[in-house]
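Input: a single structure, listed below in structure tokens.
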Protein chains: 2
Amino acid sequence: MLQVLAPLELRLTKHRRSLLSVLENTSRPLTVDELVVSADVPMSTAYRNLAGLVDAGIVVRVAGAGSADRYELAERLSQRHHHHLVCTGCGLVTDFDASSQLEKLIDVEIEALLATSGFEITHHVFDVRGLCSDCVTG
Amino acid sequence: MLQVLAPLELRLTKHRRSLLSVLENTSRPLTVDELVVSADVPMSTAYRNLAGLVDAGIVVRVAGAGSADRYELAERLSQRHHHHLVCTGCGLVTDFDASSQLEKLIDVEIEALLATSGFEITHHVFDVRGLCSDCVTG
DNA sequence: ATCAGTGCAAACTTTTTGCACCGCA
DNA sequence: TGCGGTGCAAAAAGTTTGCACTGAT
């Protein structure tokens, strides 16, 4: 992990190590609240570190279904392209994989957009929304 | 529009009319700030009306790329299924259409998820992210 | 006339920042 | 040892809510 941080002027501090460790060992995007508890890091430090890691492309900020945003490791580090199944009831986010056929078609679509939109496209988001089983029954 | 609101215990008030009118005449999701200015409605009223309209399925809340959430007419009212091209620099959101081939494949994918996830799926989000031309050059 | 809607201000939640001190490279 | 990181507390930013008043049905 140091080899990722060093070239970016980001020191490998205790807190940074802790945040990254928590993010590495989870299978879904976490809220700052969850991170603060799991990584045992003060709020302000968590926000500041996360902002730095996002700028560095190491962590991705996932816009929340509800109020609070969530964070997860960037795909180039987690080695795993995936998508999100978001519960619009409680904000729970779970990862899932799409078929390679769909991924290929999405790539084609993005190529077309690149040409027409004037945007410099960095990535795509394919999320599915609904109610998790708890929210359906509850 | 009244015929949409009446069955839902939502009165067609001046503000509601104004908000819906603004939403009908725009091609992208708007922030509450933008809505308050365009529709000339007080903040609290805007939030309360939007919450009601979202509950009623008339309006959709689009999780913000940055901080502020955005709102747009639900697709069953705008008559137009579409996707979002989001600028991660300034938060600008533009609508675009995907190929019908991609849409079909997405439907198949969602069918599969329905069966395996335990989620009650309501809709999908296929967003593309990047920097708009202003943010690239600026 | 009734009950949803309104508008202000105050409260809340989430995120950002100022400042003095600390510790990694 | 210098500069990035830290931690508290205060401030922004975005959203929600209490309450007394108004207006659509």
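The structure presented is a predicted model; accordingly, all values stated were derived computationally and were not measured. In what follows, chains are A, B, ... by sequence order, proteins preceding strands, each numbered from 1.
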- [ ] Give the nucleotide from the list dG7(D), dT6(C), dA25(C) with an atom nearest to the side chain of L12(A).
- [x] dA25(C)
Task: 5' priority, DNA chain D, between D33(B) and K14(B) [closest heavy atom] - done: D33(B)
Task: Residue pair V86(A) / R129(A), side-chain heavy-atom distance below 4.5 Å - done: yes
TODO: Mind running side chain to side chain contact (heavy atoms under 4.5 Å, CB included) on R70(B) and H84(B) for me, showing each step along the way?
DONE: CA-CA 12 Å; R70(B) 289 165 181 271; H84(B) 296 140; over 6 Å; no
Task: Separation of dG7(D) C1' from H15(A) NE2 (nearest whole Å) - done: 8 Å
Pairs under 3.5 angstrom, nitrogen or oxygen only, protein versus nucleotides 15-17 of chain C, please.
unit_1: dT15(C); atom_1: OP1; unit_2: D69(A); atom_2: N; d: 3.3
unit_1: dT15(C); atom_1: OP2; unit_2: Y47(A); atom_2: OH; d: 2.3
unit_1: dT15(C); atom_1: O5'; unit_2: Y47(A); atom_2: OH; d: 3.1

Open item on the list: Any non-hydrogen side-chain atom of H83(B) less than 4.5 Å from a side-chain atom of E103(B)?
Closed with: yes
- [ ] Among the candidates dG5(D), dG7(C), dC3(C), find the nucleotide nearest to the side-chain atoms of T45(B).
- [x] dG7(C)
Task: Atom-to-atom span, CZ of R16(A) to P of dG7(D) - whole angstrom - done: 12 Å
- [ ] Check whether any side-chain N or O of T13(B) sits under 4.0 Å from OP1 or OP2 of dG23(D), and answer yes or no.
- [x] no
TODO: Rounded off to whole Å, could you give me the CG-to-C1' distance for the L50(A) and dT6(D) pair?
DONE: 15 Å
Task: Heavy-atom closest pair, residues E75(A) and H82(A) - done: OE2-N, 3.1 Å
Open item on the list: Could you tell me how far apart R11(A) (CZ) and dA25(C) (P) are, to the nearest whole angstrom?
Closed with: 7 Å
Open item on the list: What is the separation between atom CZ on R17(A) and atom P on dC24(C), rounded to the nearest whole Å?
Closed with: 9 Å
- [ ] Verify the contact: side-chain N or O of N49(B) to OP1 or OP2 of dA4(C), cut-off strictly under 4.0 Å; return yes or no.
- [x] no
Open item on the list: A side-chain contact here means heavy atoms from C-beta on lying under 4.5 Å apart; do V59(A) and L73(A) qualify?
Closed with: yes
- [ ] State, to 0.1 Å, how close C87(A) and C132(A) come at their nearest heavy-atom pair, and which atoms those are.
- [x] SG-N, 3.3 Å
